[in-house]
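Position 1 is the first residue of the sequence, and the numbers go up from there.
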Amino acid sequence: MTAPPSVAWPPSLWAATARPGPVLSALEGDVQTDVVVIGAGFTGLSTAIHLRERGVDVTIVEAAEPGWGASGRNNGQVIPTLAGHDPSAMVKRHGEAGERFNAVLRDSAQYLFDLVRKYDIPAEAEQAGWIQPVHSPGRFKLAEKRVREWSAIGAPVELLDRAAAAEMLGSDAWFGGFWNRSGGHINPLALTRGLAEVALKLGTTIYARSPATSMSHANGRWTVKTARGSVIARALVLATNAYTGEFERDLAPEIASEVIPVLSWQMATKPVSDNIAKTVIPGRQAMSDTHRELYFARWDARNRLVTGGAAVLPGDGGVNLRPQVAARLKRLWPLLGDVEFDYVWSGYVGMTPDNLLQPQVPGYPRIHRLGPDGFAWVGCNGRAVALSISLGRELARATQGTAIETLGLPLSEPRPQPFRAIVRRIAPLALPLYRRLDATEI
């Protein structure tokens, strides 16, 4: 059964290929539960699964359908690192909590693939590894630093010289890099819908097409209201990330105000022949490099190369990105020839920049205690797939009274972005800066 007409799915490869999601009802009336989760993406569904594994009563309220937001629109790369900060930076910022977070992040890709295998989720999962090649000779020092730091805490990483990177990528466009063997890629919408099915089988109640309009705490209970009902619970997890405030501006204004939703475009080529596919990332690893205007690609299960890009003025359906990204792919892998795209779609990435004067530096994730037994996290900064599954586990434990000082949850107070509305509008204008900085490092 397809989604109801009230929910319009983006024209993505994932929407065209994932199995239909579960048929869910909207919330009508008032219900009670032990834990209420707002958002049925990766984090919310993972939280629910881990709670139900412990026998805890949990209810999810979802504004659209599971996977409608960023969890079902992204590139599907499973990457166990942050975009711009290495383990030492997390420790400098958060101390021992940063060390625990690093351990969670280090194991996050492995944990995702293990969960997929445990529940036999049909997510087109390929744990082939993740490669970060460097786009200039000078950036090789960054690869060396990252291998040094992640190796020190036990991550399965390996430095690649230029010849090794060329062999793994099928291209001599890069100057070496490193890879993490535990990474890989999935069909993100298929994973989200599979997680929803698992959560339901374990006994979770999920209400769809029920945007939360408010949340409040009084007399030891949380109340989440929707247009036609409410959920009363002892504990709460807000799992809305980049879409916090998109359906209801006043749902969690302090949280929404610290996130800059940035539009990201994804593109899937027409299927490529087996002979050519064996020459382009022949080991089928996920790849995203060190360009600030990121170059990234991975194969899907049907030999489509899934990549993407960004633009100052994307235009209708990203139409002006097609020739730009097609030319990039042909330059990186000449055997691809003239590239055509069957699917082009977009969605928001939750960015939390720490310094607006340095927009080229990705921010840190923000994890918050909202009140008694209430928690939230935002700020994936493009690396949510693996991390969100593991943070769902940690948030589930937190709602059950596990001591915060034993969890990988470096808590902080919300820090609203100054001039957020203006920054959100002008964020794409940072692309010329990214391109200039990338060019100076060639």
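- Few gaps surround CD on E144; more than 12 heavy atoms of other groups in view lie less than 6.0 Å from it.
- Counting only heavy atoms from C-beta outward, the side chains of F42 and T192 approach each other to under 4.5 Å.
- Remark: side-chain polar atoms of E394 are paired, donor with acceptor, to backbone N or O of G408 under 3.5 angstrom.
- Annotation: side chain of L45 is not in contact with side chain of V198 (no heavy-atom distance under 4.5 Å).
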Q. What do the steps show when you test K118 against E53 for salt bridge (Lys or Arg N to Asp or Glu O under 4.0 Å), and what is the final call?
A. CA-CA 13 Å; K118 174 181 178 179; E53 287 179 337; 2.9 Å; yes

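- Contact annotation: the side chain of N241 never approaches that of Y243 to less than 4.5 Å [non-hydrogen atoms, C-beta and beyond].
- Nearest heavy-atom pair, P133 versus W174, reported as atom, atom and distance to 0.1 Å: CB-CG, 3.5 Å.
- Inspection of the Q132 and R146 side chains reveals an N or O donor paired with an N or O acceptor under 3.5 Å.
- We find the CD1-OG1 distance between I255 and T240 to be 8.5 Å, quoted to the nearest 0.5 Å.
- Between I186 and P188, some side-chain heavy-atom pair lies under the 4.5 Å cut-off.
- Atoms NZ and CG, from K270 and D338 in turn, are 13.0 Å apart once rounded to the nearest 0.5 Å.
- Contact check for Y343 versus T269: no side-chain heavy atoms found under the 4.5 Å cut-off.
- Taking all atoms of both residues into account, the shortest heavy-atom contact from A208 to E65 is CB-OE1, 3.8 Å.
- Rounded to the nearest 0.5 Å, atoms CD1 (I131) and CG (L169) are 4.5 Å apart.
- T204 places no side-chain N or O within 3.5 Å of a backbone atom of L200 that could act as its donor or acceptor partner.
- For T290 (side chain) and H135 (main-chain N/O), a donor-acceptor pair under 3.5 Å exists by modelled atom type.
- Taking 4.5 Å as the limit, some side-chain heavy atom of F296 sits within range of a side-chain heavy atom of L294.
- Residues forming a salt bridge (Lys or Arg N to Asp or Glu O under 4.0 Å) with D172 (at least two apart in sequence, or on another chain): none.
- Using a distance-only test at 3.5 Å, with no hydrogens or angles considered, no donor-acceptor pair links the side chain of D107 to the main chain of V104.
- Panel note: side chain Q417, backbone V259; no donor-acceptor pair is recorded below 3.5 Å.
- The number of heavy-atom neighbours closer than 6.0 Å to CZ of R249, taken from other residues, nucleotides and ligands shown, is 12 or below.
- For the residue pair A128 and G283, the shortest heavy atom distance occurs at CB-O, 3.5 Å.
- Listed for the E62 side chain is a donor-acceptor partner under 3.5 Å among the backbone atoms of A64.
- Partner of T399 under the side-chain contact (heavy atoms from CB on, under 4.5 Å) criterion, out of T47, L51, D373: L51 alone.
- For residues 82-113, the set of pairs meeting the ring pair (Phe, Tyr, Trp, His ring centres under 6.0 Å) definition, not counting sequence neighbours, comprises H50-Y111, H85-Y364.
- Here N381 contributes atom CG and T352 contributes atom OG1; the two are 4.0 Å apart, rounded to the nearest 0.5 Å.
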Q.
If you apply the rule ring pair (Phe, Tyr, Trp, His ring centres under 6.0 Å), what do you find for F341 with W265, and how did you get there?
A. CA-CA 12 Å; F341 298 102; W265 290 86; over 10 Å; no

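- By the 4.0 Å N-to-carboxylate-O rule, R284 lies close enough to E126 to be salt-bridged with it.
- For W179, the ring-ring contact (aromatic ring centres under 6.0 Å, His included) criterion is met by no residue, not counting sequence neighbours.
- The 12-atom threshold is exceeded at CZ of R331, counting heavy atoms of other residues, nucleotides or ligands nearer than 6.0 Å.
- Here R366 does not pair with E413 in a salt bridge; the nearest charged N to carboxylate O distance is not below 4.0 Å.
- When each of E124, R298, M287 is checked for a side-chain contact (heavy atoms from CB on, under 4.5 Å) with H185, only R298 meets the rule.
- In this structure a side-chain-to-backbone donor-acceptor pair under 3.5 Å is present from D300 to N303.
- Counting all heavy atoms, side chain and backbone alike, I153 lies closest to R106 at O-NH1, 2.7 Å.
- Surrounding CD of E254 are at most 12 heavy atoms belonging to other residues, nucleotides or ligands under 6.0 Å away.
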Q | Verdict with reasoning, V262 to Y348, per side chain to side chain contact (heavy atoms under 4.5 Å, CB included) | A | CA-CA 5 Å; V262 175; Y348 288 134; over 6 Å; no

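- Of all heavy-atom pairs between A155 and N180, the closest is CB-ND2, 4.3 Å.
- Looking only at distances, a side-chain donor or acceptor of N74 sits under 3.5 Å from a matching main-chain atom of G76.
- Between the side chain of S257 and the backbone N or O of P416, no donor-acceptor pair lies under 3.5 Å.
- If you take CZ on R181 and CD on Q285, they are separated by 9.5 Å, rounding to the nearest 0.5 Å.
- Salt bridge status for R139 with D289: absent, with no side-chain N to carboxylate O gap under 4.0 Å.
- When the shell of 6.0 Å around NZ of K145 is examined, it contains more than 12 heavy atoms from other residues, nucleotides or ligands.
- Judged by a 6.0 Å distance limit and a 45° cone about the ring axis, R193 is not positioned over the six-membered ring of W14.
- No side-chain heavy atom of D342 sits under 4.5 Å from any side-chain heavy atom of L13.
- For the pair R162 and F175, the cation-pi test (distance below 6.0 Å, angle within 45°) is passed.
- Two residues are said to be in side-chain contact when any heavy atoms from C-beta on lie closer than 4.5 Å; L387 and W377 meet this criterion.
- Here OG1 of T43 is found 7.0 Å from CG of L395. Values are rounded to the nearest 0.5 Å.
- Side chain of T402 to backbone of R397: a donor-acceptor contact under 3.5 angstrom is found.
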